[in-house]
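Structure first, then comments.
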Amino acid sequence: MKKKIIVAAVAAMAAIALVGCGNELSNEYVVVEKYKGLEIPKSEAAEVTEEEVEQAIQANLQGTAESVPVTGRAAQTGDWVNIDYTGYVDGVAFDGGTAQGQSLQLGSGTYIGASGEYEGFEDQIEGHQTGDEFDITVQFPENYSADMAGKVADFHIVLNEIYTENIPELTDEWVMANSEGAKTVEEYRDEIRDQIEENADMTAESEMAQAAWDALMENVEVKKYPQESVDKQIEQAKEQYVQLAELYGTTLEDLLETQFMTTEEEFNEMLKESAQESAAFDEAVKLIADKENLTLSDKEYEEKIAEYAKEYGMGVDEYKEQIGEELLKNTILRETVVDYLIKECVQVEQSGTE
């Protein structure tokens, strides 16, 4: 399956005065100094190892594991627990420190580890039994978010359940129940290998597309940024992060601090820089598309959109409504031009230090 270059950006589709000078293209926003023969790192064929196949199989087996409740003893390393917790600093509950029904495997190192005189979060749950309520004290690591780094916090824990996971064995019966096509263990191994190879190919295509983007932008001089496009891209990107924050039940500012370790001011600057580069790239894309006659017809756009919708298991109208038809057309044009850049590029060997 071909990797799609889905970038959340919408470019102003105004008419462009195309001025050509040899292999140089320009409009009021950018000058494309070169776009044919761009040098990008050579793509190497992926080699799938038996270890990778086995790891994928084990992950799939674990995904179908059955939970077995533990009774009559305390929680210990290796057990899974379901907990509620509330975190406090100096007696005040802090944002992001409260959760209910969280599953955690003791000993996994998922939560805050030991620091100085303080035991780790998971270590202090061991020894408790189902139904226990208790308090623990931990110290956040120094590389945590700016507002919590190095702080000592108390957590009130409610231990709802202790359980283990019964991971099934890989048998023909399990394969037939959990595979779309394979019927035997050997067929399933081949299926998993094919999936890993396909994912590796998709990753390689995505990396080549990004390399083509980078190589093109090294040969693009920006006269000025199309401000309308930049503003629109910033607005759309910010709205996505606001929705993500709402999904986590928090504010954008708290999400940025706790999850992305950045301030809103720094975030806005990153959005601006990203939107400017994306808008400049779109101007270069339109110049190249016009010069090389890469613009698709309405019918070809519709066929591409239908292909996208099918990949995501959605109807065309539903997909258009969710993504936006203008954004989809812009994405398809980007993909078409990037495919052209890759076709016309020069793949070069990279040294171990590059």
Can you see whether [X] engages [Y] through a side-chain donor-acceptor pair at a distance of less than 3.5 angstrom?
X      : Y      : value
Gln236 : Gln240 : no
Gln233 : Ser229 : yes
Tyr35  : Glu292 : yes
Thr110 : Gln105 : no
Gln62  : Gln58  : no
Asp172 : Thr184 : no

More than 12 heavy atoms from other groups under 6.0 Å of [atom1] on [X]:
X      : atom1 : value
Glu169 : CD    : no
Glu235 : CD    : no
Tyr340 : OH    : yes
Glu66  : CD    : no
Asn166 : CG    : yes

Audit row: Val32, Leu216, side chain to side chain contact (heavy atoms under 4.5 Å, CB included) steps and yes/no:
CA-CA 8 Å; Val32 180; Leu216 175 63; 4.1 Å; yes

Keeping [X] on the side-chain end and [Y] on the backbone end, is there a donor-acceptor pair under 3.5 Å?
X      : Y      : value
Gln139 : Val152 : no
Glu122 : Tyr111 : yes
Asp84  : Gly101 : yes
Asp214 : Met217 : no
Glu264 : Leu256 : no
Ser179 : Met176 : no
Ser115 : Tyr118 : no
Ser206 : Met202 : no
Asp290 : Leu287 : no

Could you report the tightest heavy-atom contact between [X] and [Y], atom names first, then the distance?
X      : Y      : value
Ala284 : Val30  : N-CG2, 4.0 Å
Ala212 : Val338 : CB-CG1, 4.3 Å
Ile196 : Ala56  : CD1-CB, 4.2 Å
Lys238 : Leu252 : CE-CD2, 3.9 Å

Between Phe267 and Phe260 (judged by ring centroids, cut-off 6.0 Å), do the two rings come close enough to count as a pair?
no

Within the structure provided, determine whether [X] and [Y] are in side-chain contact (heavy-atom separation under 4.5 Å).
X      : Y      : result
Ile234 : Lys272 : yes
Arg189 : Leu170 : yes
Ile157 : Phe121 : yes
Val175 : Glu187 : no

Does [X] come within less than 4.0 Å of [Y], counting only side-chain N to carboxylate O?
X      : Y      : result
Lys286 : Glu283 : yes
Lys34  : Glu344 : no
Lys223 : Glu28  : no

Side chain to side chain contact (heavy atoms under 4.5 Å, CB included) for Val158 and Asn160? Distances and angles first, verdict last.
CA-CA 6 Å; Val158 179; Asn160 301 317; 3.5 Å; yes

Go through the steps to decide whether Glu52 and Arg193 satisfy the test salt bridge (charged side-chain N to carboxylate O under 4.0 Å, His left out), and finish with yes or no.
CA-CA 8 Å; Glu52 289 175 311; Arg193 179 181 294 277; over 6 Å; no

Is the ring pair [X]/[Y] parallel, tilted or perpendicular, if the boundaries are 30 and 60 degrees?
X      : Y      : value
Trp213 : Phe281 : parallel
Tyr85  : Phe155 : perpendicular
Phe140 : Phe94  : perpendicular

Run through the side-chain heavy atoms of Ile, Leu, Val, Met, Phe, Trp and Tyr, join any pair under 4.5 Å, and report what else lands in Val92's cluster.
none

Apply side chain to side chain contact (heavy atoms under 4.5 Å, CB included) to residues Lys320 and Glu302 and explain how you reach the verdict.
CA-CA 10 Å; Lys320 283 183 180 180; Glu302 290 299 322; 2.9 Å; yes

Between Glu265 and Asn268, does the side chain to side chain contact (heavy atoms under 4.5 Å, CB included) criterion hold? Intermediate values first, please.
CA-CA 5 Å; Glu265 182 180 355; Asn268 288 335; 5.7 Å; no

